[in-house]
J.: 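After the C-alpha cells below, expect a handful of questions from me.
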Amino acid sequence: MRDFYTNVYEIVDQIPFGRVTTYGAIANALGVRKSSRLVGIAMNHSHCVAPALPSHRVVNRVGLLTGKHHFAGERLMEQLLVNEGIVIINNQVQDFKRIFWDPLD
DNA sequence: GGCATGACTACCG
DNA sequence: GCGGTAGCCATGC
C-alpha cells in the first residue's frame, strides 16, 4: 500500500466538479473511518505536494469550511466553491446533502 | 522508538 | 442544542 497521503490525494482528485465530500467519507473510503483527522492533515500537506488538488471540495461532516484558513485568502476556499456553482453561507455549504459526493459511489 | 500534533468525529452533561 | 472531552492514528522530530 502506498502512503496514506497519496491515497487521500487520489480520492480528492476524483471529486467531480461542483460536488463536495467530507474528511470522514474519504477516510471511510480508505477503510479507516477513525483516521479522518489524517485526511485533513494530508490536505494540509497537499498544498505544497499537489497544488492542483481540489482540496476546497473537502469539508467536514456538516459541510462547514473548516479548512478555509489554510488557504491563501480568507475567502479563497469559499470563492472556489462558489465558482463551481456551490452556495456558501456563513462558511457552510448549502444543500450539502444534495451535492455531497461519496468516494465509494 | 517514544512523544506531540492535527483541515475530524462521536459521545456526554 | 451547544460546549467540552475523549478516541484515533499516520507523520515528523
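Per chain, numbering begins at 1; letters A, B, ... match sequence-line order.
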J.: Would R19(A) and E84(A) count as a salt bridge (charged side-chain N to carboxylate O under 4.0 Å, His left out) if you check the C-alpha gap in whole Å, the side-chain angles of each, and the deciding distance to 0.1 Å?
T.: CA-CA 8 Å; R19(A) 306 288 293 280; E84(A) 300 189 2; over 6 Å; no
J.: Kindly indicate whether the side chain of F100(A), heavy atoms from C-beta on, has any atom under 4.5 Å from the side chain of D105(A).
T.: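 Counting from C-beta outward, F100(A) and D105(A) never come under 4.5 Å.
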J.: Counting heavy atoms from C-beta on, name the nucleotide in dT11(C), dG6(B), dC8(B) closest to the side chain of I41(A).
T.: dG6(B)
J.: Rounded to the nearest angstrom, tell me the gap between atom CG in L64(A) and atom P in dT9(B).
T.: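 Rounded to whole Å, this separation is 10 Å.
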J.: Answer with base, sugar-phosphate or nothing: what part of the nucleic acid does N44(A) contact at a heavy-atom distance below 4.0 Å?
T.: base
J.: Heavy-atom nearest nucleotide on DNA chain C for Y5(A) versus S36(A): which residue maps closer to 5'?
T.: S36(A)
J.: Expressed as a whole number of angstroms, how long is the span from H45(A):NE2 to dG12(C):C1'?
T.: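 Interatomic distance, NE2 of H45(A) to C1' of dG12(C): 8 Å.
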J.: Picking from dA7(B), dA10(C), dC8(B), which would you name as closest to the side chain of L38(A)?
T.: dA10(C)
J.: Could you check how far CZ of R33(A) sits from P of dA10(C), rounded to whole Å?
T.: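 These atoms are roughly 15 Å apart.
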J.: Hey, does the side chain of S46(A) reach the backbone of V49(A) with a donor-acceptor pair shorter than 3.5 angstrom?
T.: no
J.: What integer distance in Å separates I11(A):CD1 from dA7(B):C1'?
T.: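 One finds 17 Å between C1' of dA7(B) and CD1 of I11(A), rounded.
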J.: Does the side chain of K34(A) get closer than 4.0 angstrom to OP1 or OP2 of dG7(C) through an N or O atom?
T.: no
J.: If you compare every side-chain N and O of R61(A) against the phosphate oxygens of dA10(B) (OP1, OP2), does one of them come in below 4.0 Å?
T.: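 Yes, R61(A) has a side-chain N/O under 4.0 Å of OP1/OP2 on dA10(B).
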J.: Does T22(A) have a side-chain nitrogen or oxygen under 4.0 Å from the phosphate oxygens OP1 or OP2 of dC8(B)?
T.: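 No, T22(A) has no side-chain N/O under 4.0 Å of OP1/OP2 on dC8(B).
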J.: Tell me: CZ of F4(A) to P of dG12(C), nearest whole Å?
T.: 13 Å
J.: In whole angstrom, what separates D3(A)'s CG from dA10(C)'s C1'?
T.: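 It is 10 Å, rounded to the nearest whole Å.
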J.: side-chain contact (heavy atoms from CB on, under 4.5 Å) between W101(A) and T22(A): does it pass, once the steps are laid out?
T.: CA-CA 8 Å; W101(A) 175 78; T22(A) 71; over 6 Å; no
J.: Do the side chain of R37(A) and the base of dC9(C) come within less than 3.5 angstrom through a donor-acceptor pair of N or O atoms?
T.: no
J.: Can you check the N60(A) CG to dT9(B) C1' distance for me, whole Å?
T.: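 The distance from CG of N60(A) to C1' of dT9(B) comes to 9 Å, rounded to the nearest Å.
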J.: Quickly work out the L30(A) CG to dC9(C) P distance and round it to whole Å.
T.: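 It is 14 Å, rounded to the nearest whole Å.
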J.: Looking only at atom types and distance, does a side-chain atom of E10(A) sit under 3.5 Å from a main-chain N or O of T6(A), one as donor and one as acceptor?
T.: no
